[in-house]
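This report concerns only the one structure given below.
For the numbers below, each heavy atom of this structure counts, side chains included, while hydrogens, waters and symmetry mates do not. Residue numbering restarts at 1 for every chain, and letters A, B, ... go by the order of the sequence lines.
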There are 2 protein chains.
Amino acid sequence: MITDTQNTALAQRLTHSGLRSTPQREVVYQVVLGKRDHPTAEEVFDRVKSAMPTISLATVYNCLDALVQCGLIKQVNSVREPSRYCPNLHEHAHFHDEATGEIHDVDIPADLIARLHNLLPKGYDAVSIDLSFRGSVRALHALTDQQN
Amino acid sequence: MITDTQNTALAQRLTHSGLRSTPQREVVYQVVLGKRDHPTAEEVFDRVKSAMPTISLATVYNCLDALVQCGLIKQVNSVREPSRYCPNLHEHAHFHDEATGEIHDVDIPADLIARLHNLLPKGYDAVSIDLSFRGSVRALHALTDQQN
DNA sequence: ACTTGAACTTGGAACGATTCTAAGTCTCTT
DNA sequence: AAGAGACTTAGAATCGTTCCAAGTTCAAGT
């Protein structure tokens with residue numbers, strides 16, 4: 001559900017970063033917020049087209065960049081795969097399920113983030129940390145049912 | 001310096017993975033081992049050509065894949081940049097220097113790796129962890145000289 | 001040694017995600 | 001209402017990587 005509050009917040013963040021609020025950016029923002037997955041630019045494009053059929057892919061890229069720039073969404077870069085976009089602004093890791101291709105968010109406690117920063121030698125100044133896992137997810141019932 | 005020991009090790013690892021040892025794979029392996037940086041496939045291609053001018057880029061990709069498959073080198077995937085290859089087989093993180101584009105290895109203590117695995121919810125089975133930092137490196141003399 | 005099939009190499013074509021370009025539109029400011 | 005600059009659009013261009021078809025090499029069995 002689209003709220004005025006969200007769109008006002010969007011407009012403020014955009015103008016604060018020297019960018020303009022446009023209908024396209026609003027729709028793209030709502031689409032990324034609307035579903036708790038990690039869509040690619042192409043997937044965002046498909047979802048946006050139902051609300052705004054004339055939008056172009058280049059504009060979707062432009063809007064996603066603008067939202068990343070002003071800190072409203074995050075860009076998740078996978079291995080040799082299209083970038084994905086994520087509305088979860090908490091510091092978190094990503095788990096790439098190799099079987100399904102899905103990405104799941106994994107919380108990171110604050111003290112662990114601090115410890116990661118402490119790994120760095122003197123003089124190294126990290127502006128961002130990327131932690132990602134790659135593997136598979138077993139269904140929970142299989143876990144409880146299994147014999148061993 | 002190319003040693004027979006290294007090439008024998010290479011041949012063994014390759015055949016163990018059902019792959020063949022070829023002159024191209026030996027040269028590519030030596031090139032990646034020969035310099036402690038993180039070259040792209042294109043850079044490996046350039047370096048290999050002096051020893052083997054007729055090699056093709058497709059073969060370099062093939063060789064790098066083969067070496068990654070049998071565990072002799074690692075592939076480092078950066079954000080929207082060409083893959084890089086790394087002969088450091090210890091579990092380690094990468095620091096991407098945004099100013100120079102260079103990648104530096106950062107050690108990770110074993111207990112921290114265990115703790116990272118423990119972040120995952122029940123049923124999540126990670127086969128690999130990727131930890132990378134992004135930022136800048138200050139020169140050490142600037143650190144010791146500075147006033148504050 | 002000879003054959004056969006699979007693995008490998010090669011150059012070039014193809015691919016796919018992203019970025020660029022040029023033209024047109026919108027919107028702030030004056 | 002005019003000018004400047006930001007934005008959108010469609011399509012072309014880019015670039016790392018993979019695919020393809022043809023030729024070569026290798027290992028194993030006769």
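One can place CD of B/E26 at 14 Å from C1' of C/dC8, the figure rounded to the nearest angstrom. We find that CZ of B/F45 is positioned 10 Å from C1' of C/dT10, with the value rounded to whole Å. Rounded to whole Å, atom P of C/dA17 lies 16 Å from atom CG of B/N77. Atom CZ in B/R25 sits about 11 Å away from atom P in C/dA7, given to the nearest Å. Atom pair B/Q24:CD and C/dT9:P shows a separation of 5 Å (rounding to whole Å applied).
Shown here are the side chain to side chain donor-acceptor pair (under 3.5 Å) partners of A/T59, two or more places apart in sequence or in another chain: A/S56. For A/N118, there are no side chain to side chain donor-acceptor pair (under 3.5 Å) partners, not counting sequence neighbours. The salt bridge (charged side-chain N to carboxylate O under 4.0 Å, His left out) test applied to B/R84 returns B/E43, not counting sequence neighbours. Here B/D130 pairs with nothing under the side chain to side chain donor-acceptor pair (under 3.5 Å) rule; sequence neighbours left out. A/S128 meets the side chain to side chain donor-acceptor pair (under 3.5 Å) test with no other residue; sequence neighbours excluded. Partners of A/K49 under the salt bridge (charged side-chain N to carboxylate O under 4.0 Å, His left out) rule, at least two apart in sequence or in another chain, are A/D46. The ring-ring contact (aromatic ring centres under 6.0 Å, His included) search around B/H38 returns B/H94, not counting sequence neighbours.
Enclosure of atom CG in A/D107 is not indicated, since only 12 or fewer non-hydrogen atoms of other residues, nucleotides or ligands lie within 6.0 angstrom.
The closest side-chain heavy-atom distance from B/R25 to B/C63 is below 4.5 Å.
Other residues sharing a hydrophobic cluster with A/I103 under the 4.5 Å side-chain heavy-atom criterion for ILVMFWY residues are A/V76.
If you check every strand for non-hydrogen atoms under 4.0 Å, A/E81 touches nothing. At a threshold of 4.0 angstrom between heavy atoms, the contacts of B/S83 are confined to the sugar-phosphate backbone, with no base atom among them.
A donor-acceptor contact shorter than 3.5 Å is absent between the side chain of B/S17 and the backbone of B/L19.
Protein chain B contacts DNA chain D over a range whose 5' and 3' limits, counting nucleotides with an atom under 4.0 angstrom from a non-hydrogen atom, are D/dG16 to D/dC26.
Within residues 58-73 of chain B, the residues that place at least one heavy atom under 4.0 Å from DNA chain D are, in residue-number order, B/A58, B/Y61. Across residues 46-57 of chain B, B/T54, B/I55, B/S56 each have a non-hydrogen atom less than 4.0 Å from an atom of DNA chain C (numbered order).
A salt bridge links A/R115 with B/D111: at least one charged nitrogen is closer than 4.0 Å to a carboxylate oxygen.
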Contact list (N/O, under 3.5 angstrom) for nucleotides 26-30 of chain C vs protein:
none

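Aromatic ring centres of B/H104 and A/Y124: separated by under 6.0 Å.
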